[in-house]
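Just so you know, these numbers use all the heavy atoms, side chains as well, and skip hydrogens, waters and symmetry mates. In this text the structure is predicted, and so the values were computed from the model without any measurement.
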Amino acid sequence: VSTQSTWAMMDSHLTSECPHRKIPCDMGCGSIVAASEMSDHIEQVCSKVIVTCEFEHCQAKFERGQLSQHLSTAMQDHVRALCSVVRKQSQEILLLKSLVSMKLEEINYPGIGVFEWMATQGGSKPFLNPHEAKLVKVNSGFSFLDPDASGTVNELVEKFDGCSTVCSAEDIPLGQAYISFDFGSRKLMPTRVALRHGFASESYSITEWILEGSMDDKTWIILLECKEDRVFNRGYAARSWMVEGRGAFRYLRVKMVSSNTQGGSDMHICRIEFHGTLCIPLKQTQ
């Protein structure tokens with residue numbers, strides 16, 4: 001092999017093969033890095049790589065070199081998120097303390113839900129509307145002003161296999177299109193929720209809605225989100241959904257977050273029922 005060939009091979013090695021050769025960063029950050037260390041540089045150091053904020057409750061994405069700027073400008077958002085976490089954890093601590101003095105009644109029977117279980121004292125008594133009996137307080141963010149609607153909040157916790165036209169007033173703000181339940185001294189760990197359409201045809205079906213839980217009626221946790229073009233496909237249709245286990249709550253709320261299929265904010269739901277574990281103070285079971 002000639003000397004010229006040897007030098008050519010050496011030059012090729014040094015410029016394109018040697019793992020120790022110095023090359024510009026592949027991401028364009030301006031750093032000069034050994035070829036063998038490029039992957040480590042990009043993974044750990046490079047200022048041009050897109051990263052996610054290190055704060056667990058912030059999902060902001062930016063170039064690594066902008067981290068300090070983000071931490072400075074987003075400090076208030078981070079503090080607010082942390083305060084929200086602390087409030088939720090405080091609720092969970094209060095819940096755990098309260099459950100020590102409670103009997104847990106699992107209500108997952110076919111054909112009977114929490115409201116019917118309460119209304120019949122576990123199936124041992126004739127049905128007595130639980131709202132009228134003050135076993136649960138049903139509230140809504142609206143009035144039942146539709147002249148064609150015969151329902152009231154009492155209807156919402158009647159036997160689930162019944163049906164009636166229940167409608168909120170028209171043109172209410174979406175933030176007021178909700179139905180909430182206050183279990184008082186009891187708490188419910190929901191595992192399933194069932195809704196029945198409150199209109200004689202598929203019209204006015206809800207589309208997007210959420211189920212929320214709260215211990216104080218102020219801080220609400222989303223337990224279920226449903227986004228569909230049409231939840232109900234016929235009059236007085238019923239459907240149920242599994243609920244992710246997020247704890248036990250004194251308050252539960254079904255809330256519309258988008259217009260119904262007719263483009264309005266009026267809420268047509270005539271029955272709501274839950275399954276799950278009902279937490280009952282021991283003094284009420286003695």
Closest non-hydrogen atom pair, [X] against [Y]:
X    : Y    : result
V254 : I272 : CG2-CD1, 4.1 Å
M256 : G264 : CE-O, 4.4 Å
R64  : C46  : NH1-O, 2.7 Å

Mind checking the [atom1]-[atom2] spacing from [X] to [Y]? Nearest 0.5 Å is all I need.
X    : Y    : atom1 : atom2 : result
M242 : L223 : CE    : CG    : 13.0 Å
E212 : K255 : CD    : NZ    : 5.5 Å
F249 : F181 : CZ    : CZ    : 15.5 Å
W209 : L195 : CH2   : CG    : 4.5 Å
R250 : D217 : CZ    : CG    : 8.0 Å
I42  : K48  : CD1   : NZ    : 13.5 Å

Quiz item: Considering only heavy atoms from C-beta outward, does the side chain of N260 approach that of D266 to under 4.5 Å?
Solution: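 Answer yes - side chains close enough.
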Exercise. Answer yes or no: is there a side-chain heavy-atom contact under 4.5 Å between V51 and E63?
Key: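 In short, these two side chains do not touch, never coming nearer than 4.5 Å.
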Please tell me whether [X] and [Y] are part of a single hydrophobic cluster in this structure, the criterion being side-chain heavy atoms less than 4.5 Å apart.
X    : Y    : value
V49  : L67  : yes
I107 : F160 : no
L278 : Y251 : no
V193 : Y236 : no
V136 : V114 : yes

Self-check item: Side-chain H-bond candidate by donor/acceptor type, S214 with D216, under 3.5 Å
Solution: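 S214 vs D216: donor-acceptor pair found between side chains.
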Exercise. Answer with yes or no whether the side chains of T52 and K61 bring together a donor and an acceptor at under 3.5 Å.
Key: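 T52 and K61 do have a side-chain donor-acceptor pair below 3.5 Å.
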Self-check item: Residues forming a ring-ring contact (aromatic ring centres under 6.0 Å, His included) with F62, sequence neighbours excluded
Solution: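 Counting only residues at least two positions away or on another chain, F62 forms a ring-ring contact (aromatic ring centres under 6.0 Å, His included) with H70.
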Quiz item: Taking everything shown except Q76 itself, do over 12 heavy atoms lie less than 6.0 Å from its CD?
Solution: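 Atom CD in Q76 is not packed in, count stays at 12 or less.
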Practice problem: Please assess M215 against K187 for the test side chain to side chain contact (heavy atoms under 4.5 Å, CB included), listing each intermediate value before the final yes or no. | Solution: CA-CA 9 Å; M215 284 294 294; K187 297 173 181 63; 3.1 Å; yes
Does [X] reach the main-chain N or O of [Y] with its side chain, forming a donor-acceptor pair under 3.5 Å?
X    : Y    : value
H131 : V138 : yes
H197 : Y204 : no
S31  : V33  : no
R230 : T261 : no

Quiz item: Taking it one step at a time, do H78 and L71 satisfy side chain to side chain contact (heavy atoms under 4.5 Å, CB included)?
Solution: CA-CA 9 Å; H78 290 179; L71 292 178; 4.0 Å; yes
Exercise. Quick one: sort the F115 and F274 rings into parallel, tilted or perpendicular, breaks at 30° and 60°.
Key: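 Geometry flag for F274 against F115: perpendicular rings.
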Quiz item: Which class fits the ring pair H57 and F55: parallel under 30°, tilted 30 to 60°, perpendicular over 60°?
Solution: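 Answer is perpendicular, since the angle exceeds 60°.
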Exercise. Check the pair S240, H275 against side chain to side chain contact (heavy atoms under 4.5 Å, CB included), reporting the backbone distance first and the verdict last.
Key: CA-CA 10 Å; S240 67; H275 287 82; over 6 Å; no
Quiz prompt | Residues M267, S140; criterion side chain to side chain contact (heavy atoms under 4.5 Å, CB included); working and verdict | solution = CA-CA 10 Å; M267 190 175 188; S140 63; over 6 Å; no
